[in-house]
Novice: 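One structure, pasted below without further comment.
Reminder, nothing fancy here: chain letters follow the sequence lines and each chain counts from 1.
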Amino acid sequence: LKEKHKILHRLLQDSTSPVDL
Amino acid sequence: SQMADLKSLAKHMFEAYLKNFNMNKTKARAILTGKANIPPFVIHDMETLRLAEENLVSKQAVNGIQNKEAEVRIFQRCQCTSVETVRELTEFAKCIPEFINLDLNDQVTLLKYGVYEAMFAMLASIMNKDGLLVAYGNGFMTREFLKSLRKPFNEIMEPKFEFAMKFNALELDDSDLSLFVAAIILSGDRPGLVNVSQIEQMQETIVQALRLHLHSNHPDAIYLFPKLLQKMADLRQLVTEHAQLVQKIKKTEADTFLHPLLQEIYRDMY
């Protein structure tokens, strides 16, 4: 499941991770 | 001592809510009731939309949408706000006791299914019967303008307004909402969860804190707690319909682009 939700997973692991708008 | 623990949990979730969400109901109501220093700029037609785009949203400019039609531009900007709120909700979820100790797959599942329900519950805070706040409270887009957009874009917001009017009648404040949002996230019946009983136990604790908090915060509203549980079911229906509409827009509107984070959330959702 983590593999299919890479960005959600990244947000959970690292709050400073940027998500481009 | 159990009651003291629940009170302390309610306080903790309220603080996490205020810390992690840029907008909240107190701020929104101050703006909507004219108590803010600068009233929001009202977007009610294509001309005021253009003016708002030129003056209000430079900080959240989205690449390559300037020349697209108004409906598509609004849709893309809604997505930006959604992505930002998913990020805020993720940080808020991490503040729920034990959440970060859950299996990582379960954390992903709870967010995948919970973020839109939480988002639509919180969206009510920035809505009144005539419209909603946009651009961090600097703008107010009218409900009539949203209804005047072409199909299918005019169908996106109206169900959220209908939900919001009934939800706002319950007169929850931010402290109530913080526990309500946490309870939504901790739903033990999301598809594919591994440690269901652990999540159910966590939700039970949050729901107990919510019940106790409502009792002291709204002593005269005796049916508020069961009404709120019903709202959780209504939100699921609202999200199901929203996800179907987004899929329809994705298929039929070649000019629209779905943000990768939202694509992840919608994929195989319902």
Side-chain angles (χ1 to χ4, degrees), chain A, chain B residues 16 19-20 57-65 76-96 99-116 185 190-194 257-269:
Chain A
L1 192 77
K2 295 188 293 196
E3 291 307 306
K4 285 186 179 174
H5 298 83
K6 286 197 167 77
I7 308 175
L8 261 186
H9 182 228
R10 208 174 71 212
L11 286 176
L12 279 162
Q13 295 290 84
D14 176 11
S15 57
T16 58
S17 176
V19 179
D20 293 335
L21 297 180
Chain B
K19 183 179 143 214
N20 288 297
V57 289
S58 55
K59 281 179 283 180
Q60 52 173 161
V62 184
N63 289 336
I65 66 162
Q76 300 302 122
R77 290 198 193 280
C78 278
Q79 286 194 51
C80 290
T81 310
S82 304
V83 167
E84 192 51 41
T85 312
V86 172
R87 189 217 302 268
E88 291 176 341
L89 275 162
T90 307
E91 290 308 305
F92 173 75
K94 288 187 209 172
C95 297
I96 302 173
F99 184 88
I100 53 168
N101 298 328
L102 288 170
D103 177 285
L104 199 49
N105 280 306
D106 281 355
Q107 292 183 38
V108 169
T109 301
L110 292 178
L111 285 174
K112 178 186 178 76
Y113 288 94
V115 287
Y116 268 95
I185 293 169
R190 304 300 192 191
L193 284 176
V194 181
F257 166 83
L258 200 55
H259 189 284
L261 173 59
L262 306 182
Q263 278 187 42
E264 278 185 14
I265 293 170
Y266 287 127
R267 193 181 301 134
D268 308 322
M269 191 191 209

Novice: For B:Glu264 versus A:Lys6, what's the shortest heavy-atom pair and its separation?
Specialist: OE2-N, 3.0 Å

Novice: Distance from B:Arg87 atom CZ to A:Leu8 atom CG, nearest 0.5 Å?
Specialist: 12.0 Å

Novice: Does the side chain to side chain contact (heavy atoms under 4.5 Å, CB included) test come out yes or no for B:Leu261 and A:Leu11, once each step is laid out?
Specialist: CA-CA 10 Å; B:Leu261 173 59; A:Leu11 286 176; 4.1 Å; yes

Novice: At a heavy-atom distance under 4.5 Å, which candidate from B:Val115, B:Leu111, B:Asp268 has the highest pair count against chain A?
Specialist: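 Highest number of heavy-atom pairs under 4.5 Å: B:Leu111.
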
Novice: Decide yes or no for B:Val108 and A:Lys4: does some side-chain heavy atom of the first lie under 4.5 Å from some side-chain heavy atom of the second?
Specialist: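 Result no, sub-4.5 Å side-chain heavy-atom pair not found.
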
Novice: Grab the two heavy atoms, one from B:Leu104 and one from A:His9, that are nearest each other, plus how far apart they are.
Specialist: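 What the structure gives for the nearest pair is CD2-NE2, 3.0 Å.
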
Novice: Kindly compute the distance separating CD1 (A:Ile7) from OG1 (B:Thr90), expressed to the nearest 0.5 Å.
Specialist: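 OG1 of B:Thr90 is found 11.0 Å from CD1 of A:Ile7.
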
